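A short write-up of the structure that comes next.
No hydrogens, no waters, no symmetry mates; every other heavy atom, side chains included, goes into these values. Chain naming here is simple, since letters A, B, ... match the order of the sequence lines and numbering starts at 1 in each. Because the structure is a prediction, the values reported are computed rather than measured.
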Number of protein chains: 2
Amino acid sequence: MRETNDAGPRQLETVARACDVIDALEELDGAGVTELADYLDISKSSAYSYLSTLRTKRLVVKDDDTYRLSLEFLYLGKTIRHRHVLFEHGKQQVDRLAEETGEYVHLMCEQHGLERNIYKVAGENAVGDTYHTTKERKADFLHFTSTGKAVLAYLPDARVEAIIDEYGLVKKTENTITDRDALFEEIQTIRERGYAVNDEEEVTGIRAIGAPIRDANGAILGAVSVSGPTSRLNGDRYYETLPKQVMESANVTEASINMSNASRSL
Amino acid sequence: MRETNDAGPRQLETVARACDVIDALEELDGAGVTELADYLDISKSSAYSYLSTLRTKRLVVKDDDTYRLSLEFLYLGKTIRHRHVLFEHGKQQVDRLAEETGEYVHLMCEQHGLERNIYKVAGENAVGDTYHTTKERKADFLHFTSTGKAVLAYLPDARVEAIIDEYGLVKKTENTITDRDALFEEIQTIRERGYAVNDEEEVTGIRAIGAPIRDANGAILGAVSVSGPTSRLNGDRYYETLPKQVMESANVTEASINMSNASRSL
DNA sequence: GACGTCCGTTCCCGAAATGCGAACACATAT
DNA sequence: ATATGTGTTCGCATTTCGGGAACGGACGTC
């Protein structure tokens, strides 16, 4: 196949296809050989080779005639999270914040220009919350969440431009920021204020407060947020109390990371 | 390279190597190009191609010059678990069992002849437990855990033989069953009794009770267990109470699965 | 400040792996 | 019995991949 002559490192087609197989098995929630071949538009024999190889490598299991992703992914995912600097130093703060506020608390970071969730906890008021209890979310855009905007605010401008170029500014609600200049103004506000909000910009009826977590050099590592229904997030709580609490948690996490880094470089 | 002429479906070497890269990045907790190339004994340029492709496919991220596995694995792992029949129908029982017993409760299944953990909860007495709080475990052997033995007891004998042939009967403590015939006798006992024990067979000082979870056809799906120190798991509690509780949980889970399957086939 | 050394990245060509189509075995349904 | 659906196997033509060598940038050293 074509290999674009102007750009980028060499891409191994076989590896790329293996990744497509993994994606497909996730999307289809398991599949047979023919089903997968049709889905990916490859031959049956190829699909079979990919599945068999992934099975030998234990990333795929076979029940009867359907192939599924194995629990190796769960192990890898947990290991990755366990070692992540934000989880290591931030988990305690997230737990405390959920305890204090009673709301949903999220810890996330940016990867490939998208938001990735690292850890989340439901505070006691958050149980039964129809928005938050929906199943695990895939990577989402950064421009309509409080954590995402907190991260964008501390990424280099060029990087923000590149992300917008790649993904656009998809509109989710009436409040979603879909204008490039408006987003940069918002970023300016966030930098001045020290935290970001999501005022029904992703889902109507849901607000959130997000604070950035940065390292000693000022580089952005991720963000933490508290979110809940507008019926509970309003007035002083929304404008004063929660921002203070969220920023406090972010600061403590930053301090913990910096101390750890400092002692490491001795 | 050689493709063993006698056996098995075709293995795609490029896919296998990509899996090796993933494994290596997990084991090394991230690596540079040269480091990875040395580790896997491949050329620098190859290592670079693999990493670049996996990065494009978002399974790998790059911080400065070190490549790491991305949080996509966490997402995939959570999704896989969320959809797993044992998690769907067993989580509630595991939570209840942890509440009732105050001990650590595990839900697992067999994949590729090894034990894979699906879900675990710490009961209130289990916190600070040095054995259980150690980090996430990779796939383990089946013959020295209560859940593993519960599963072995209901796998076809030929399958059990094949698993022993593949992995052997590694000795972990003085109590570990390392003799093939002894294991089959144990399996017989488990079948008659309805549950399996781990009496300091994996770690000295730790006992466990595990019960199999089977579908309507009698096929084994996995197992649930309660584990803790011998100081708490002994006497009537170890021989009577806990086995009853664990089997009860397994039965309720089985019933839930069977009802779901029955209604699906209408 | 020039040198050596380490890294990640690029390039190219020959060797080797992969994709595909066709055929097979087996099951189920008509 | 026949037809259609699986998953699986095989061999060949083609493409891709592996590796060596060279480039360019970042350090650290003398």
Side-chain angles (χ1 to χ4, degrees), chain A residues 1-22 24-25 28-57 59-70 217 219 264-265, chain B residues 1-22 24-25 28-57 59-69 112 217 219 264-265:
Chain A
M1 289 189 189
R2 92 205 112 124
E3 217 163 293
T4 35
N5 43 4
D6 58 333
R10 169 149 66 160
Q11 298 294 302
L12 302 183
E13 319 231 356
T14 311
V15 175
R17 262 185 286 256
C19 296
D20 292 339
V21 169
I22 291 169
L25 289 182
L28 300 171
D29 190 16
V33 176
T34 307
E35 188 182 358
L36 182 74
D38 290 347
Y39 187 81
L40 294 177
D41 202 32
I42 59 178
S43 71
K44 248 191 339 174
S45 51
S46 284
Y48 183 66
S49 301
Y50 280 91
L51 289 169
S52 299
T53 308
L54 289 170
R55 186 154 101 103
T56 306
K57 287 298 181 177
L59 291 181
V60 160
V61 292
K62 182 183 173 184
D63 291 347
D64 292 310
D65 280 336
T66 85
Y67 294 80
R68 299 175 185 283
L69 297 180
S70 84
N217 302 320
R264 196 172 306 157
S265 59
Chain B
M1 289 190 187
R2 95 203 109 122
E3 214 164 296
T4 35
N5 43 5
D6 57 334
R10 172 150 64 163
Q11 299 294 301
L12 302 183
E13 319 229 356
T14 311
V15 175
R17 262 185 287 257
C19 295
D20 292 340
V21 169
I22 291 170
L25 289 181
L28 300 171
D29 191 16
V33 176
T34 307
E35 188 182 359
L36 182 73
D38 290 346
Y39 187 81
L40 294 177
D41 202 33
I42 58 178
S43 72
K44 254 198 323 182
S45 51
S46 284
Y48 183 66
S49 302
Y50 281 92
L51 289 169
S52 298
T53 309
L54 289 170
R55 187 155 101 103
T56 307
K57 286 298 180 175
L59 292 181
V60 160
V61 292
K62 182 182 174 185
D63 291 347
D64 292 310
D65 279 337
T66 84
Y67 293 81
R68 300 175 184 281
L69 297 180
H112 299 112
N217 303 320
R264 196 173 306 156
S265 57

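Rounded to whole Å, the distance from CG on A/Asp63 to P on D/dG7 is 14 Å. A straight line from CD of B/Glu13 to P of C/dA15 spans 17 Å, rounded to a whole angstrom. Between A/Asp41 atom CG and C/dC20 atom P the separation is 8 Å, expressed in whole Å. Atom pair A/Gln11:CD and D/dT16:P shows a separation of 13 Å (rounding to whole Å applied). Taking atom CG of residue B/Leu12 and atom C1' of nucleotide C/dC20, one finds them 13 Å apart after rounding to whole Å.
Evaluation of the side-chain contact (heavy atoms from CB on, under 4.5 Å) rule for A/Ser49 yields B/Arg10, B/Leu12 as partners, not counting sequence neighbours. Every residue two or more places apart in sequence or in another chain was checked for a salt bridge (charged side-chain N to carboxylate O under 4.0 Å, His left out) with B/Arg55, and none qualifies. Residues passing the salt bridge (charged side-chain N to carboxylate O under 4.0 Å, His left out) test with B/Lys44, sequence neighbours excluded: none. The salt bridge (charged side-chain N to carboxylate O under 4.0 Å, His left out) search around B/Asp63 returns B/Arg68, not counting sequence neighbours.
Phosphate proximity of D/dC17 to A/Thr14: present, with a side-chain N or O under 4.0 Å from OP1 or OP2. Taking 4.0 angstrom as the limit, B/Ser43 places none of its side-chain polar atoms (N or O) nearer than this to OP1 or OP2 of D/dG20. Contact annotation: B/Arg17 side-chain N/O to D/dG18 OP1/OP2 distance is under 4.0 Å.
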Might you work through the side chain to side chain contact (heavy atoms under 4.5 Å, CB included) test for A/Thr14 and B/Thr53, ending with a clear yes or no?
CA-CA 10 Å; A/Thr14 311; B/Thr53 309; over 6 Å; no

Review item, side-chain donor-acceptor pairs of residues 30-42 of chain B, under 3.5 Å, at least two apart:
unit_1: B/Glu35; atom_1: OE1; unit_2: B/Gly32; atom_2: N; d: 3.3
unit_1: B/Tyr39; atom_1: OH; unit_2: B/Glu27; atom_2: OE1; d: 2.4

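Mapping A/Val15 and A/Asp38 onto DNA chain D via the closest heavy atom, the residue that lands nearer the 5' end is A/Asp38.
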Where protein sits on nucleotides 5-11 of chain C, one letter per nucleotide: B base, S sugar-phosphate only, - none, heavy atoms under 4.0 Å:
--SBBBB

